[in-house]
Amino acid sequence: MSLPDLNKLRIGHGYDVHRFADRFDPAKPLILAGVKLPVEMSLMAHSDGDLILHALADAVLGAAAEGDIGRLFPDSDASLAGISSAIILQTALEKAAEKGLKPINLDLTVVAQAPKISPHAEAMRESLAALTGLTAAGINLKATTTEGMGWLGRQEGMACHAVVLMGPDV
Ligand code: CDP
Ligand code: ZN
């Protein structure tokens, strides 16, 4: 097995938050890591609200020193309303690829009182593998509550942290 040039490794971090809508809108199902969850919850968002993919896209842009997704996809651009977050992630991956960077592994932490992530974690990892070109071995997805404390504990919204290591093809 060849090893990447350590001087070419880059780490990136991303964080995203979305507020829950007051009531479920069937036209806005909960989509996390590209997977539609069978729960009656909706997030408020200009896009499809997939905060896992947003955090990951920001981490990818971070590793590539390319700013953030708000710069690539401004909220003020009406033509982007309802955009699939898979496109946002793909665009971030392309920006990084232009600099010779591909994901090596990624670690995601969802912070939410609800919904329960663990029953869907494997489907999400498979989806993330398809979106990033990584195998599931390079993808970790975990979740925690805040033990009922604060805005996350009151289920006003949910959050996701993403860390990605990127480097050249070896
Ligand atoms: O995170 P910690 O183990 O301290 O406790 P917790 O917040 O009560 O979460 C217990 C477990 O539930 C986590 O380790 C996750 O596996 C899972 N969990 C989940 O699947 N979905 C969430 N929204 C929160 C937690
Ligand atoms: Zn977002």
Side-chain angles (χ1 to χ4, degrees), residues 12-25 27-64 66-96 103 105-129 131-132 136-164:
H13 167 262
Y15 175 66
D16 194 33
V17 167
H18 281 263
R19 180 187 283 275
F20 285 119
D22 287 341
R23 60 180 74 77
F24 174 56
D25 175 357
K28 276 229 159 205
L30 192 63
I31 300 176
L32 294 176
V35 175
K36 185 156 68 163
L37 299 201
V39 295
E40 298 207 339
M41 303 172 94
S42 298
L43 289 166
M44 315 232 322
H46 187 62
S47 67
D48 63 10
D50 192 331
L51 69 161
I52 295 183
L53 295 192
H54 296 177
L56 177 55
D58 265 348
V60 168
L61 292 174
E66 284 286 343
D68 60 38
I69 59 173
R71 216 159 85 182
L72 290 179
F73 297 96
D75 268 9
S76 52
D77 186 341
S79 71
L80 298 174
I83 185 176
S84 161
S85 299
I87 292 172
I88 294 176
L89 176 60
Q90 223 49 59
T91 306
L93 288 167
E94 281 164 21
K95 285 262 169 215
N105 79 298
L106 54 99
D107 187 18
L108 304 164
T109 306
V110 175
V111 192
Q113 203 63 40
K116 195 91 177 152
I117 298 298
S118 50
H120 314 291
E122 280 316 302
M124 290 182 192
R125 282 175 80 213
E126 281 170 26
S127 171
L128 289 162
L131 290 165
T132 59
I139 299 170
N140 191 59
L141 175 66
K142 53 192 151 26
T144 185
T145 67
T146 60
E147 308 280 355
M149 292 181 284
W151 60 269
L152 282 159
R154 292 189 296 273
Q155 296 187 38
E156 292 172 14
M158 57 190 300
C160 182
H161 299 263
V163 176
V164 64

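Indexing begins at 1, ligand by ligand and atom by atom, following the structure's order. We use all heavy atoms of the structure for the numbers below, so side chains are in, but hydrogens, waters and symmetry mates are not. Everything quoted here is computed from the prediction, not taken from an experiment.
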- Query: What's the shortest heavy-atom distance between A159 and L152, and which atoms?
  - Reply: N-CD2, 3.8 Å
- Nearest protein heavy-atom contact for atom 5 (O) of ligand 1: which residue, which atom, what distance? E147 OE2, 4.0 Å
- among protein heavy atoms, the one nearest atom 13 (C) of ligand 1 is A143 O, 3.2 Å
- Item | Polar side-chain atom of T109 near backbone of A143 as donor-acceptor pair, under 3.5 Å | no
- Query: Just by modelled atom types, is the Q155 backbone N or O under 3.5 Å from a matching donor or acceptor in the Q113 side chain?
  - Reply: no
- Measure A121 to ligand 1 on non-hydrogen atoms and call it side chain, backbone, both or neither using the 4.0 Å cut-off. neither
- Query: Taking the non-hydrogen atoms of P119, is any one of them nearer than 4.0 angstrom to ligand 1?
  - Reply: no
- Counting each atom of ligand 1 from 1 as listed, which ones have a heavy atom of S118 under 4.0 Å away? 19 (C), 20 (O)
- Note on the structure: Row for the Zn ion (ligand 2): angle ND1 (H54) to OD2 (D16), 10° precision, value 100°
- Query: NE2/H18 to CE/M44 distance, rounded to the nearest 0.5 angstrom?
  - Reply: 10.5 Å
- Looking only at atom types and distance, does a side-chain atom of T146 sit under 3.5 Å from a main-chain N or O of G153, one as donor and one as acceptor? yes
- Query: Hey, is NZ on K28 packed in by over 12 heavy atoms from elsewhere, all under 6.0 Å?
  - Reply: yes
- Message: Only heavy atoms of P115, strictly under 4.0 Å: list the atoms of ligand 1 that pass.
- Response: 21 (N), 22 (C), 23 (N)
- Message: Please tell me if atom 8 (O) of ligand 1 is touched by the protein, where touching means a protein heavy-atom distance below 4.0 Å.
- Response: yes
- Query: Looking at atom 1 (O) of ligand 1, what's its closest protein heavy atom, distance included?
  - Reply: T144 OG1, 2.6 Å
- Message: Yes or no, since that's all I need: does a protein heavy atom fall within a distance strictly under 4.0 Å of atom 24 (C) of ligand 1?
- Response: yes
- Message: I'd like to know if the side chain of S127 and the backbone of V35 have a donor-acceptor N/O pair within less than 3.5 Å.
- Response: no
- Message: On a heavy-atom basis, I'd like to know which of T109, I117, V111, T145 is closest to atom 6 (P) of ligand 1.
- Response: T145
- Task: Name the closest protein heavy atom to atom 10 (C) of ligand 1, giving the residue it belongs to and the distance to 0.1 Å.
- Result: K116 NZ, 4.7 Å
- Query: Would H54 and I88 count as a side chain to side chain contact (heavy atoms under 4.5 Å, CB included) if you check the C-alpha gap in whole Å, the side-chain angles of each, and the deciding distance to 0.1 Å?
  - Reply: CA-CA 7 Å; H54 296 177; I88 294 176; 3.9 Å; yes
- Message: Please evaluate residues D107 and K142 with respect to the criterion side chain to side chain contact (heavy atoms under 4.5 Å, CB included), reporting the C-alpha separation (whole Å), side-chain torsions for both, the decisive distance (0.1 Å), and the verdict.
- Response: CA-CA 8 Å; D107 187 18; K142 53 192 151 26; 3.0 Å; yes
- Query: For ligand 1, which atoms have a heavy atom of A112 less than 4.0 angstrom away?
  - Reply: 22 (C), 23 (N), 24 (C)
